[in-house]
Visitor: 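Just passing along the structure, written as structure tokens.
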Amino acid sequence: MAYKSDFLNVLDERGFIHQCSDFDGLDALAAKREVIAYVGYDCTAPSLHIGNFLSMMMLHWLQETGNKPITLMGGGTTMVGDPSGKDETRAIRTAEEIEANKASIKGVFNKVLQFGDGKTDAIMVDNADWLLKLSYIDMLRDVGRHFSVNRMLTMDSVRLRLEREQEMSFIEFNYMVCQSYDYVELARRYGCNLQMGGSDQWGNIVNGVDLGRRMGTHQLYALTTPLLTTSSGAKMGKTAQGAVWLNADQFSAWDFWQYWRNTEDGDVARFLKLFTTLPMEEIARLEKLDGAEINEAKKVLANEATALLHGRDAADAAAATAQKTFVEGGLAQDLPTISGNPGDGLLSLFVAAGLAASNGEVRRAVTGNSVSVNDAKIADPGYVAGEADFNSDGLMKISLGKKRHALVKRD
RNA sequence: GGAGGGAUGCCCGAGUGGCUAAAGGGGACGGGCUGUAAACCCGUUGGCUAUGCCUACGUUGGUUCGAAUCCAACUCCCUCCA
């Protein structure tokens, strides 16, 4: 192993590392178990998504290897809006919206982190606590004077906008100042010495490292993860339903399990390392499977990733449901369920179950031969559920295509 | 403040009076092949109580038998000048 510290060794062998401002310095610190690292989370949506899961796992390993994680809620920075990787100005969000999002996001962290007052316990802070109190002139004098506009203009987040002749407003231009200041504030308050994030955050992070030096903090470090893409190059985390959210009320454990089960072959090993806590020897064994056998590895990936986030019970239930539904072709009780009765029209049942957005969509699907009831294809869009369609438990299975299923339960 | 340019479906983008629910591409979904994979091929992609009706090309009004297309006002965006 190349590193002295457990922390960097684990991250390295699992494929989390993209760039670091100073490997040796950080390694020395981690070897003494003195890293206090933070990751900032935007409050632009009511749930974090799968991309954020990656940095959560980094915090997890940080803690596992004896260091202290800080999760920073971007209550203040979300008021400004990060221009990184955006072509257009983000819609400015209201304070109420940000508060609501923050409250809704918070819950996921205790799935992978241990919070508390101990030395290596995680803590959660909110940059609204200091950013909202800043006074403009003081900020300019104390912090603003350390920023070179010449240099800011060369940062990717700004430069790319300018090159494409896309508007960038002054508020967005200030984002990196806020994030840099966060780092300094966390260094002063909590002794924070490492900021981690996705590769798109590199510019923002190293600016913070720089600001720390100019403002006289201890040495700060930067560490980023590679951008998550599938091996066919697509950005990860997009599905028919939109993003792969981490909150169960927005993306169910069943959908989450299915998401991982459908991973491309070429990504399985990489994702096992990143999104599960399985030991490397076990992953090495799974990695050797090929051909149809790789499906076993995909199931393990789905089980472990789902168990991490939604609990072992939810993962087992999803696995059992998948087994019944896809392997045995039977009717599993844990599929998404709606209520309905004999006499209900097929079209409205599909819409109610969320399998289709409109009656017309179901009609077209019927024409395309992709609609079935209890695994029998339906050719008539006017089909009405009958007594015989419900089994002795009062359940009827409706499917759109091979993969999307739901149950109708009579009341 | 002045002068130009622009706003089309999930996204990009064609369309300058009827043949337009709107070309083409992307994405998404479905079918085929498979292994609930990728690649590839094919199909679908505004709504409805459906041989018809309704909604829709920034907003509101107007011209016309007929408007995404012409006119007016307004809103927002961009570029250049000050």
Side-chain angles (χ1 to χ4, degrees), chain A residues 85-92 161-169 172 229-244 254-272 286-287 289-303 305-306 318-332 334-336 343-373 375 377-384 397-406:
Chain A
K86 293 276 180 302
D87 263 0
E88 289 165 23
T89 304
R90 286 192 187 199
I92 298 226
R161 282 275 192 95
L162 295 179
E163 279 174 4
R164 287 185 217 145
E165 303 196 331
Q166 304 273 9
E167 162 89 359
M168 169 170 266
S169 70
E172 293 177 282
T229 54
T230 66
S231 48
S232 41
K235 267 190 209 159
M236 247 189 107
K238 289 285 164 57
T239 74
Q241 294 85 43
V244 177
W254 161 250
D255 285 328
F256 194 74
W257 196 93
Q258 283 296 318
Y259 177 79
W260 294 111
R261 176 62 184 82
N262 284 302
T263 297
E264 290 177 32
D265 287 8
D267 294 325
V268 176
R270 194 158 56 98
F271 289 174
L272 279 166
L286 292 167
E287 207 170 348
L289 300 172
D290 58 350
E293 285 186 329
I294 202 168
N295 282 321
E296 289 312 309
K298 290 184 188 181
K299 285 179 195 169
V300 173
L301 170 62
N303 283 335
T306 307
T321 300
Q323 171 73 16
K324 270 189 201 159
T325 307
F326 291 103
V327 181
E328 296 158 23
L331 188 153
D334 282 331
L335 287 172
D344 287 345
L346 187 73
L347 304 182
S348 54
L349 287 175
F350 271 77
V351 174
L355 294 176
S358 69
N359 291 358
E361 196 175 316
V362 187
R363 278 177 208 277
R364 286 192 293 270
V366 169
T367 311
N369 198 32
S370 54
V371 167
S372 23
V373 168
D375 299 312
K377 293 286 187 199
I378 299 297
D380 172 19
Y383 188 87
V384 172
K397 178 180 171 191
I398 58 178
S399 316
L400 181 74
K402 290 175 182 166
K403 292 190 186 177
R404 302 169 66 200
H405 308 279

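Not measured: the values here are computed from a predicted model. Lettering of chains follows the sequences in order, A, B, ..., and the numbering in each one begins at 1.
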Visitor: Between the main-chain N or O of A:Asn369 and the side-chain N or O of A:Lys377, is there a donor-acceptor pair closer than 3.5 Å?
Guide: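 At least one qualifying donor-acceptor pair exists.
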Visitor: Among B:U36, B:G30, B:G35, which nucleotide sits nearest the side chain of A:Asp265?
Guide: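 Selected nucleotide: B:G35.
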Visitor: Judged by each residue's nearest nucleotide on RNA chain B, which is more toward the 5′ side, A:Asn369 or A:Gln323?
Guide: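 Of the two residues, A:Asn369 wins.
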Visitor: Treating A:Ser348 as the side-chain partner and A:Asp344 as the backbone partner, does any N or O pair qualify as donor plus acceptor under 3.5 Å?
Guide: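 Checked: no pair found.
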Visitor: Using the P atoms only, state how far B:G26 lies from B:C42, rounded to an integer number of Å.
Guide: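 Nearest-Å result for B:C42 against B:G26 at atom P: 12 Å.
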Visitor: Any strand is fair game: report the nucleotide pairing with B:G27 by Watson-Crick or G-U wobble, both distances under 3.5 Å, or none.
Guide: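 Checking every strand shown, B:G27 finds its partner in B:U45, with both distances under 3.5 Å.
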Visitor: Per the atom types in the model, does the base of B:U36 pair as donor or acceptor with the side chain of A:Gln258 at under 3.5 Å?
Guide: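 Per atom types, the contact qualifies.
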Visitor: Tell whether A:Lys402 reaches the base of B:U34 with its side chain through a donor-acceptor pair below 3.5 angstrom.
Guide: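 Yes, a donor-acceptor pair under 3.5 Å.
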Visitor: Could you tell me the separation between the CD atom of A:Glu287 and the P atom of B:A37, rounded to a whole number of Å?
Guide: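 Computing the A:Glu287:CD to B:A37:P distance gives 22 Å.
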Visitor: Could you tell me how far apart A:Arg363 (CZ) and B:A50 (C1') are, to the nearest whole angstrom?
Guide: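 The distance from CZ of A:Arg363 to C1' of B:A50 comes to 7 Å, rounded to the nearest Å.
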Visitor: Calculate the interatomic distance between A:Lys299 atom NZ and B:A37 atom P; express it in whole Å.
Guide: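 Atom NZ in A:Lys299 sits about 13 Å away from atom P in B:A37.
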Visitor: Taking only the side-chain nitrogens and oxygens of A:Arg364, find out if one of them lies under 4.0 Å from OP1 or OP2 of B:G46.
Guide: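 No, outside the criterion.
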Visitor: If you measure from CG on A:Asn303 to CH2 on A:Trp257, what distance do you get to the nearest 0.5 Å?
Guide: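 That separation rounds to 6.0 Å.
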Visitor: Take atom CG of A:Leu400 and atom P of B:C29, then tell me their distance rounded to the nearest Å.
Guide: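 That distance rounds to 11 Å.
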Visitor: Using the C1' atom on both, measure B:G1 against B:C71 and round to a whole Å.
Guide: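 Here B:G1 and B:C71 have their C1' atoms 27 Å from each other.
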Visitor: Any base atoms under 4.0 Å from A:Ala356, or only sugar-phosphate, or nothing? Heavy atoms, all strands.
Guide: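 Touches nothing.
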Visitor: Given atom NZ of A:Lys403 and atom P of B:C29, what is their separation to the nearest angstrom?
Guide: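 Going from A:Lys403 (NZ) to B:C29 (P), I get 9 Å.
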Visitor: Reading RNA chain B from 5' onward, which residue's closest nucleotide shows up sooner: A:Gly291 or A:Gly360?
Guide: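 Comparing both residues, the 5'-ward one is A:Gly291.
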Visitor: Which of these nucleotides, B:U36, B:G35, B:G30, is closest to any side-chain atom of A:Ile294?
Guide: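 Nearest nucleotide to the side chain: B:G35.
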Visitor: Return the pairing partner of B:A22 with a 3.5 Å limit on both distances, Watson-Crick or G-U wobble; otherwise return none.
Guide: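 Partner of B:A22: none found under 3.5 Å.
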Visitor: Strictly by Watson-Crick or wobble contacts shorter than 3.5 Å, is anything paired with B:A68, and which nucleotide is it?
Guide: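 Here B:A68 is not engaged in any pair, so there is no nucleotide opposite it.
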Visitor: Run the salt-bridge test on A:Glu361 and A:Arg364 with the 4.0 Å N-O cut-off and return the result as yes or no.
Guide: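 A:Arg364 and A:Glu361: not salt-bridged.
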Visitor: Can you tell me the distance, in whole Å, between the CD atom of A:Glu361 and the P atom of B:G31?
Guide: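 Going from A:Glu361 (CD) to B:G31 (P), I get 13 Å.
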Visitor: Who does B:A3 pair with, Watson-Crick or G-U, both distances under 3.5 Å?
Guide: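 The answer is B:U79, by the H-bond criterion.
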Visitor: For B:U16, give the paired nucleotide (Watson-Crick: N1-N3 plus N6-O4 or O6-N4; G-U: N1-O2 and O6-N3; both under 3.5 Å), or none.
Guide: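 Its partner: none found.
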Visitor: Any chance the side chains of A:Lys298 and A:Asn262 put a donor and an acceptor closer than 3.5 Å?
Guide: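 A:Lys298 vs A:Asn262: no donor-acceptor pair found between side chains.
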Visitor: In whole Å, what separates the C1' atom of B:G30 from that of B:C80?
Guide: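 Comparing C1' positions in B:G30 and B:C80 gives a spacing of 50 Å.
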Visitor: Using whole Å, report how far CD of A:Glu264 lies from P of B:A37.
Guide: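 Distance check: A:Glu264 CD to B:A37 P gives 11 Å.
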Visitor: Where the side chain of A:Ser358 is defined as all heavy atoms beyond and including C-beta, which of B:G31, B:U36, B:G47 is the nearest nucleotide?
Guide: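 Shortest atom-to-atom distance from the side chain points to B:G47.
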Visitor: A:His405 and A:Ser399: side-chain donor and acceptor closer than 3.5 Å?
Guide: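 Checked: A:His405/A:Ser399 side chains pair up, N/O donor to acceptor below 3.5 Å.
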Visitor: Can you tell me how the ring of A:Phe256 sits relative to the ring of A:Trp260, calling it parallel under 30°, perpendicular over 60° and tilted otherwise?
Guide: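 Correct class here is perpendicular.
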Visitor: Would you measure the distance from the C1' atom in B:G18 across to the matching atom in B:C70 and give it in whole Å?
Guide: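 Here B:G18 and B:C70 have their C1' atoms 14 Å from each other.
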Visitor: Look through every strand shown and name the nucleotide pairing with B:G9 as Watson-Crick or G-U wobble, where both distances are under 3.5 Å.
Guide: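 Pairing partner: none.
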Visitor: Mind checking the C1' distance from B:G13 to B:A22? Whole angstroms is fine.
Guide: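 Rounded to whole Å, the distance is 12 Å.
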Visitor: Considering Watson-Crick and G-U wobble pairs with both distances under 3.5 Å, what does B:C40 pair with?
Guide: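 Matched B:C40 with B:G32 under the 3.5 Å cut-off.
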Visitor: Can you tell which of A:Ile398, A:Val362, A:Val371 makes a side chain to side chain contact (heavy atoms under 4.5 Å, CB included) with A:Ile378?
Guide: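 Of A:Ile398, A:Val362, A:Val371, side chain to side chain contact (heavy atoms under 4.5 Å, CB included) with A:Ile378 is met by A:Val371 alone.
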Visitor: Ignoring hydrogens and angles, does a donor from either the side chain of A:Asn359 or the base of B:G47 sit under 3.5 Å from an acceptor on the other?
Guide: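 No.
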Visitor: Mind checking the P distance from B:C29 to B:C78? Whole angstroms is fine.
Guide: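 The answer is 34 Å between these two P atoms.
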Visitor: Between B:U44 and B:A23, how far apart are the P atoms? Round to whole Å, please.
Guide: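 These two P atoms come out 12 Å apart once rounded.
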Visitor: Please work out if A:Thr325 contacts a base, only the sugar-phosphate, or nothing of the nucleic acid, heavy-atom cut-off 4.0 Å.
Guide: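 Nothing, no heavy atom under 4.0 Å.
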Visitor: B:C74 pairs with which nucleotide, Watson-Crick or G-U wobble, both distances below 3.5 Å?
Guide: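 Base-paired to B:G58.
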Visitor: Roughly how far apart, to the nearest Å, are B:U60 and B:U45 at atom P?
Guide: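 Here B:U60 and B:U45 have their P atoms 28 Å from each other.
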Visitor: Please give, in whole Å, the distance from B:U36 C1' to A:Asp255 CG?
Guide: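 Taking atom C1' of B:U36 as the reference, CG of A:Asp255 is at 14 Å.
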